[in-house]
Amino acid sequence: SPRTIGKKYERGRNENLTPEEQAKRNLNIARKKLTRLVNANFNGEDYFVLLTYDREMDVERAKTEISNFFKRLKRWRKKNGFSDLKYIAVVETEGRVHHHIVMNGFEGLSLKEAREILQEIWGRGLVLLKRLKKNQPDNRLANYITKENTKKGAKRWSSSRNLKKPKIEIERVKETKRKTALRPPKGFRVVQSTEDYFEEIGWVRYMKAVREGGMDYGGYEKGELYEE
């Protein structure tokens, strides 16, 4: 992949991109980063949450509201013997301002009980949630919660400080002929395979595989979130 070629090659590619192509590339990189962050910290026992407002709200006020919500939730979890709060959050402005959050669940509680607790702590509008799904091989959740354009230099999401950094390992593999199929490691399933030609280095083949039976977050698209 370009990453294994070196930084010099990466800079060369970027110089040939239009502003729109660069923005799209940056968004794809951010979504991959978010996917890894979610996979490293959350599983099928955790939640995907939507928080709405029952009144008009501007973005700056919404940022203050969500910050205060996390403070209240953190205190509640500690007081009631639950694990420390972990979260990734996005403020979305499409339509009325609202929040998308991936957070760790309440150990031992049903989804209904969790929603009632979050509703009481939030108290600014409606709370919708569902559990994160298992074994979803793609980036649909990351695509969904980062679907809005973000100003250059602005953060696409916020997160708690106690998240583990994803561990990325790069392994050099022997060169193979293009007709030879790339094989995933034992116990992994291929979910994406591409082949691209670059004038600077020739053909580059990319394969993405996920571990069979592993935990992953769900693929959530607009309209699929529900209240229970």
Side-chain angles (χ1 to χ4, degrees), residues 30-53 61-92 97-146 155-169 187-188 210-221 224-228:
R31 285 171 170 170
K32 287 183 179 179
K33 182 178 179 181
L34 180 57
T35 298
R36 296 189 185 108
L37 190 62
V38 171
N39 286 338
N41 290 276
F42 302 96
N43 58 44
E45 298 301 316
D46 299 322
Y47 309 141
F48 178 50
V49 183
L50 169 65
L51 303 181
T52 71
Y53 291 96
R61 177 67 185 281
K63 290 180 180 178
T64 300
E65 290 286 358
I66 194 64
S67 177
N68 291 338
F69 167 72
F70 286 135
K71 290 176 182 177
R72 296 193 300 271
L73 181 55
K74 185 176 181 180
R75 290 195 297 268
W76 190 95
R77 293 181 71 104
K78 184 176 181 179
K79 180 180 178 181
N80 290 275
F82 291 95
S83 59
D84 292 341
L85 174 65
K86 297 194 300 182
Y87 68 85
I88 298 171
V90 173
V91 180
E92 186 168 319
V97 176
H98 55 281
H99 304 275
H100 295 295
I101 306 167
V102 176
M103 68 168 65
N104 56 327
F106 297 114
E107 298 89 344
L109 298 187
S110 67
L111 204 61
K112 181 178 180 181
E113 291 170 322
R115 182 192 168 277
E116 290 173 351
I117 292 168
L118 292 174
Q119 183 70 66
E120 182 177 352
I121 297 172
W122 173 233
R124 300 293 186 271
L126 191 62
V127 174
L128 305 176
L129 80 158
K130 66 188 305 182
R131 291 194 188 278
L132 301 180
K133 296 180 182 179
K134 303 177 183 179
N135 300 326
Q136 295 295 320
D138 50 44
N139 297 341
R140 276 178 288 177
L141 177 58
N143 294 352
Y144 178 54
I145 65 179
T146 58
K155 293 181 64 176
R156 296 183 186 275
W157 64 81
S158 61
S159 63
S160 57
R161 295 181 180 180
N162 58 345
L163 297 185
K164 296 183 295 185
K165 287 187 177 181
K167 184 178 181 181
I168 301 174
E169 296 181 353
F188 283 71
V210 295
R211 189 187 303 274
E212 294 284 1
M215 302 292 283
D216 205 338
Y217 62 88
Y220 298 91
E221 297 180 352
E224 289 187 4
L225 195 63
Y226 63 84
E227 175 185 1
E228 182 173 292

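Keep in mind that what you see is a predicted model, and the values were worked out from it rather than measured. FYI, side chains are in, hydrogens and waters are out, and symmetry mates aren't considered; it's all heavy atoms of this structure. Sequence positions, counted from 1, serve as the residue numbers for this chain.
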Can you tell me how far the [atom1] atom of [X] sits from the [atom2] atom of [Y], to the nearest 0.5 Å?
X      : Y      : atom1 : atom2 : value
Lys164 : Arg36  : NZ    : CZ    : 16.0 Å
Leu163 : Ile88  : CG    : CD1   : 5.5 Å
Asn41  : Ser160 : CG    : OG    : 7.5 Å
Ile121 : Asn68  : CD1   : CG    : 13.0 Å
Leu126 : Thr52  : CG    : OG1   : 4.5 Å

Counting C-beta onward and ignoring hydrogens, is there a side-chain heavy-atom pair between [X] and [Y] closer than 4.5 Å?
X      : Y      : result
Leu111 : Arg131 : yes
Leu118 : Trp76  : no
Phe106 : Asn80  : no
Asp46  : Val102 : no

Nearest atoms (heavy-atom pairs only) where [X] meets [Y]:
X      : Y      : answer
Pro166 : Ala40  : CA-CB, 4.1 Å
Leu132 : Asn43  : CB-O, 3.5 Å
His98  : Leu50  : CD2-CD1, 3.4 Å
Val127 : Arg115 : O-NE, 3.1 Å

Checking [X] now: which residues fulfil side-chain contact (heavy atoms from CB on, under 4.5 Å) with it, not counting sequence neighbours?
X      : result
Glu113 : Leu109, Ser110
Lys78  : none
Ala89  : Phe70, Tyr87, Ile101, Ser158
Asp84  : Asn162

[X]: which residues meet the side-chain hydrogen bond (donor to acceptor under 3.5 Å, both in side chains) condition with it, sequence neighbours left out?
X      : result
Ser83  : Arg77, Asn104, Glu107
Glu120 : none
Tyr53  : His99
Arg61  : Glu65

**Message:** Which residues pass the ring pair (Phe, Tyr, Trp, His ring centres under 6.0 Å) test with Phe69, not counting sequence neighbours?
**Reply:**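 Per chain and number, Phe69 pairs via ring pair (Phe, Tyr, Trp, His ring centres under 6.0 Å) with Trp122.
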
- Message: Going by the rule salt bridge (charged side-chain N to carboxylate O under 4.0 Å, His left out), which residues pair with Lys74 if we only count those two or more places apart in sequence or in a different chain?
- Response: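 Lys74 satisfies salt bridge (charged side-chain N to carboxylate O under 4.0 Å, His left out) with no residue once adjacent residues are dropped.
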
